Amino acid sequence: MQLSLVIPFYNEEKQIPQTLDVCIPILEKTGRSWEIIAIDDGSTDGSWQKLTAAAEDQRIRAFHFSRNFGKEAAICAGLDLACGDVIILMDGDLQHPPAYIPEMLALWDQGYEVVEGKKAKRGKESLWSRLNAGIFYGSFRKLSGYDLTNASDFKLLVRRVVDAWRTLPEQNTFFRALSLWLGFKRTSFSFEVAERTSGKSKWKIRDLIRLSLDAMTGFSARPLYLISFLGLILFIIFFILSIQTLANYFLGRAASGFTTVILLQLLIGSSTLTSLGLIGIYISKVFTEIKARPRYIISEAVNMIPPAEPQHCSGSIVVAD
Ligand code: UDP
Ligand code: MG
């Protein structure tokens with residue numbers, strides 16, 4: 001097998017046939033042997049029926065999660081199950097235009113091991129989501145040192161890179177940043193994000209906040225250091241104010257100064273709580289990692305080839321015969 005195309009789908013009943021219809025001719029035209037790894041991320045609509053129907057073609061291998069595990073888990077499963085020498089990851093809603101596949105393969109032929117799609121234009125997006133993205137990428141770069149501006153999950157990885165990825169043991173992955181962390185010979189191309197033709201984006205504000213917190217705390221311990229720094233500054237302020245307060249006390253002017261007390265109370269109270277909360281997030285990360293649960297559970301599969309050794313599979317496959 002030369003080429004694997006990994007596509008996650010979550011409640012994309014309408015979109016699945018369209019996406020496959022666009023992708024298959026492009027794959028055929030590459031003249032290489034290919035497979036499509038379609039991961040159904042626990043869809044509750046008719047997506048799985050659509051995928052099993054499509055999987056009459058042996059080259060389409062379909063996997064169904066036991067519930068919705070999220071796109072990151074779907075990517076992990078796709079990378080575990082792909083058999084190709086080169087693997088391309090793509091969104092299932094055609095927002096990552098498959099027309100770029102030949103260009104990605106050409107870059108691979110030039111010897112690159114990771115080919116990343118960069119968003120040239122962020123498609124039709126509201127000012128609000130642009131602002132969110134701006135804040136997220138800005139703070140992520142400051143905290144972790146990785147610049148993900150305009151990065152996307154539209155990527156080509158060669159077998160060697162996927163094998164390296166599969167040795168990563170963590171449960172919480174952030175593919176976009178981890179693939180940078182892996183290194184290897186990389187290049188990028190820019191693509192115009194297409195508009196969704198059916199359905200709508202599955203992202204909710206809540207998911208975005210969670211992803212941002214996860215990504216940043218997963219990639220940087222700097223917030224923990226910032227807390228200690230904040231503590232130090234507060235201590236200096238406390239020291240200065242305590243001299244003033246004591247002086248006032250001994251000079252018999254102690255009654256005034258309530259304002260300072262209240263301000264201090266508020267400042268110390270709020271900073272203690274945020275700091276505790278932040279430490280809590282890190283502890284919860286340790287907690288989930290230490291449980292070492294599988295990243296996903298596959299409950300149904302069509303045209304399965306068990307994941308390649310030697311690396312372990314990062315999820316559980318419990319398919320009935
Ligand atoms: N997706 C998924 N699991 C989820 C949410 C989304 O597998 O829990 C898939 C979805 O079907 C699509 C891709 O991930 O193929 C990108 O999702 P979406 O279009 O909702 O995200 P956006 O394009 O807005 O970033
Ligand atoms: Mg999309």
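Both counts, for ligands and for their atoms, begin at 1 and track the order of listing. Here the structure is a predicted model, which means the values were calculated and not measured. The first residue of the sequence shown is numbered 1, and numbering continues consecutively from there. Reckoned from all heavy atoms, side chains included, excluding hydrogens, waters and symmetry mates.
- Residue-ligand proximity, Glu12 to ligand 1, at heavy-atom distances under 4.0 Å covers atoms 10 (C), 11 (O), 12 (C), 15 (O).
- Counting heavy atoms only, Asp91 comes closest to atom 13 (C) of ligand 1 of the residues Thr19, Asp91, Asn68.
- Near Gly92, meaning under 4.0 Å from one of its heavy atoms, ligand 1 places the atoms 12 (C), 15 (O).
- Near Gly70, meaning under 4.0 Å from one of its heavy atoms, ligand 1 places the atoms 3 (N), 8 (O).
- Residue Leu156 comes nearest to Trp108 through the heavy atom pair CD2-CB, 4.0 Å, listed as atom of the first residue, atom of the second, then distance.
- Between Phe191 and His96, the two ring planes are perpendicular [angle over 60°; tilted spans 30° to 60°].
- For the Mg ion (ligand 2), the nearby protein N/O/S atoms, meaning those under 2.8 Å, are Asp93 OD2, Gln95 OE1.
- Arg141 forms no cation-pi arrangement with Tyr137, by the criterion of a distance under 6.0 Å to the ring centre and an angle within 45° of the ring axis.
- When non-hydrogen atoms are compared, ligand 1 lies under 4.0 Å from the backbone of Phe9 (N, CA, C, O) but not from its side chain.
- Side chains of Asp80 and Tyr296: a donor on one and an acceptor on the other come within 3.5 Å.
- Between the side chains of Glu72 and Thr173, at least one donor-acceptor pair of N or O atoms lies under 3.5 Å.
- Taking the six-membered ring for Trp and the full ring otherwise, the centers of Phe9 and Trp48 sit at least 6.0 Å from each other.
- Checking Leu94, Asp41, Ile39, Val193 against atom 3 (N) of ligand 1, the nearest heavy atom belongs to Asp41.
- For Phe174 and Phe140, the ring centers are positioned less than 6.0 Å apart.
- Residues Ser4 and Glu35 bring a donor and an acceptor atom of their side chains to less than 3.5 Å of each other.
- Every atom of ligand 1 is numbered from 1 in the order shown, and the set under 4.0 Å from a heavy atom of Gln95 is 19 (O), 23 (O).
- The two residues Cys83 and Arg159 make their nearest non-hydrogen contact at C-NH2, 3.7 Å.
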